[in-house]
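In what follows, a structure is listed as structure tokens, so that the remarks can point back to it.
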Amino acid sequence: MHTVSQLAKRCNLSRSTVLYYESIGLLQPAVRTAAKYRLYGERELRALEQIKLYRSVGVSIDEIRAILKAPRNQLSSVLKRRLNQLDNEIAALQDHQRVILKLLRIHLDLRRMKVMTKEKWTTIMKESGFSDDDMHRWHRQFEKSAPADHEEFLKYLNVPAAEVTRIREWSRK
């Protein structure tokens with residue numbers, strides 16, 4: 001036989017949790033001593049381990065109460081219902097992920113729009129001493145060595161798609 005504290009320790013629970021389960025009728029001591037101490041046997045230990053397992057997978061107290069009082073065949077329906085709840089929660093969380101990723105992409109796109117434009121870039125290049133021929137050579141080399149990155153860079157500068165195509169074709173000549 002185990003005292004409340006011993007039972008709690010064996011199940012890695014707090015003493016107050018064991019007493020709470022008793023207060024709501026999920027667990028009863030096997031006997032009470034003359035001094036009113038609670039003692040729990042192996043049956044109560046197995047019941048507490050069962051309660052702990054069901055709680056660990058999110059089964060509610062009311063459902064655990066129903067499981068413990070009902071025939072074994074009802075266990076399956078409660079666990080299937082919990083599995084459906086988890087599926088719904090997972091689907092909702094995945095929806096949240098998709099929305100957050102979309103918001104992050106929008107945020108990144110907005111930041112890109114505000115950071116640099118084609119006009120700012122060409123002004124910087126010209127003020128750095130680049131002639132039109134120098135910029136043409138720069139585009140040609142960029143297109144030759146990293147065509148996908150060249151296209152991405154032009155998009156970063158908010159160059160319209162038709163102009164990106166034209167610049168890339170012009171860079172290949």
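Hydrogens, waters and symmetry mates play no part in the numbers below; they use all other heavy atoms, side chains included. For the single chain, residues carry numbers from 1 onward in sequence order.
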Hey, quick one: are Tyr20 and Val59 part of the same hydrophobic cluster, counting side-chain heavy atoms closer than 4.5 Å, chains of contacts allowed?
-> yes
Is it true that the side chains of Glu152 and Tyr156 contain a donor and an acceptor less than 3.5 Å apart?
-> no
Within 6.0 Å of CG in Asp87, more than 12 heavy atoms from elsewhere | yes
Quick one: do Glu63 and Arg82 make a salt bridge, cutoff under 4.0 Å?
-> no
To the nearest 0.5 Å, tell me how far Arg55 CZ sits from Leu53 CG.
-> 12.0 Å
To the nearest 0.5 Å, what is the distance between CG (Leu83) and CG (Asn88)?
-> 10.0 Å
Is the closest side-chain heavy-atom distance between Thr3 and Leu39 below 4.5 Å?
-> yes
Could you walk me through whether Arg65 and Asp62 pass side chain to side chain contact (heavy atoms under 4.5 Å, CB included), step by step?
-> CA-CA 5 Å; Arg65 183 178 289 110; Asp62 289 336; 3.0 Å; yes
Just jot down the ring pair (Phe, Tyr, Trp, His ring centres under 6.0 Å) partners of His139, sequence neighbours excluded, or say none.
-> His150, Trp170
Quick one: do Lys126 and Asp132 satisfy side chain to side chain contact (heavy atoms under 4.5 Å, CB included)? Show the steps, please.
-> CA-CA 8 Å; Lys126 284 181 181 182; Asp132 287 340; 3.8 Å; yes
With sequence neighbours excluded, what pairs up with Phe153 under the ring pair (Phe, Tyr, Trp, His ring centres under 6.0 Å) test?
-> Trp121, Trp138, Phe142
Criterion salt bridge (Lys or Arg N to Asp or Glu O under 4.0 Å) on Glu42 and Arg46, from CA distance to verdict = CA-CA 6 Å; Glu42 289 305 308; Arg46 284 191 308 276; 5.1 Å; no
Closest contact, heavy atoms only, Ile61 versus Ile24 | CG2-CD1, 3.4 Å
Do you know the tightest heavy-atom contact between Gly129 and Asp134?
-> O-OD2, 3.7 Å
Rounded distance (nearest 0.5 Å) linking atom CE of Met135 with atom OG of Ser128 | 10.0 Å
Derivation and outcome, side chain to side chain contact (heavy atoms under 4.5 Å, CB included), residues Lys52 and Thr17 = CA-CA 10 Å; Lys52 183 179 172 186; Thr17 299; over 6 Å; no
Thr165 vs Glu169 side-chain heavy atoms within contact, under 4.5 Å | yes
Working to the nearest 0.5 Å, report the span between NZ of Lys118 and OG1 of Thr122.
-> 7.0 Å
Worked verdict on Ser14 versus Ser16 for side chain to side chain donor-acceptor pair (under 3.5 Å) = CA-CA 5 Å; Ser14 68; Ser16 60; 3.1 Å; yes
Got a second to check how far Gln85's CD is from Arg81's CZ, nearest 0.5 Å?
-> 7.5 Å
Are Leu154 and Ile124 connected, step by step, through hydrophobic side chains (Ile, Leu, Val, Met, Phe, Trp, Tyr) whose heavy atoms are closer than 4.5 Å?
-> yes
Where Asp95 and Arg98 come nearest, the two heavy atoms and their spacing = OD1-NH2, 2.5 Å
Same hydrophobic cluster for Val57 and Ile51, using side-chain heavy-atom links shorter than 4.5 Å among ILVMFWY?
-> yes
Heavy atoms of other groups near Arg43 CZ, more than 12 under 6.0 Å | no
Leu68 and Leu26: which non-hydrogen atoms are nearest, and at how many Å?
-> CD1-O, 3.8 Å
Is there side-chain contact between Tyr40 and Leu48, with at least one heavy-atom pair below 4.5 Å?
-> no
Co-membership, hydrophobic cluster, residues Met1 and Leu13, 4.5 Å side-chain = no
Minimum heavy-atom separation for Gln28 to Glu44, with atom names?
-> O-CG, 3.2 Å
Worked verdict on Arg166 versus Glu163 for salt bridge (Lys or Arg N to Asp or Glu O under 4.0 Å) = CA-CA 5 Å; Arg166 189 173 48 75; Glu163 191 175 351; 3.6 Å; yes
Out of curiosity, Met125 CE to Ser131 OG, how far, rounded to the nearest 0.5 Å?
-> 10.0 Å
Treat each ILVMFWY residue as a node, draw an edge where side-chain heavy atoms are under 4.5 Å apart, and state whether Val4 and Tyr37 are in one component.
-> no
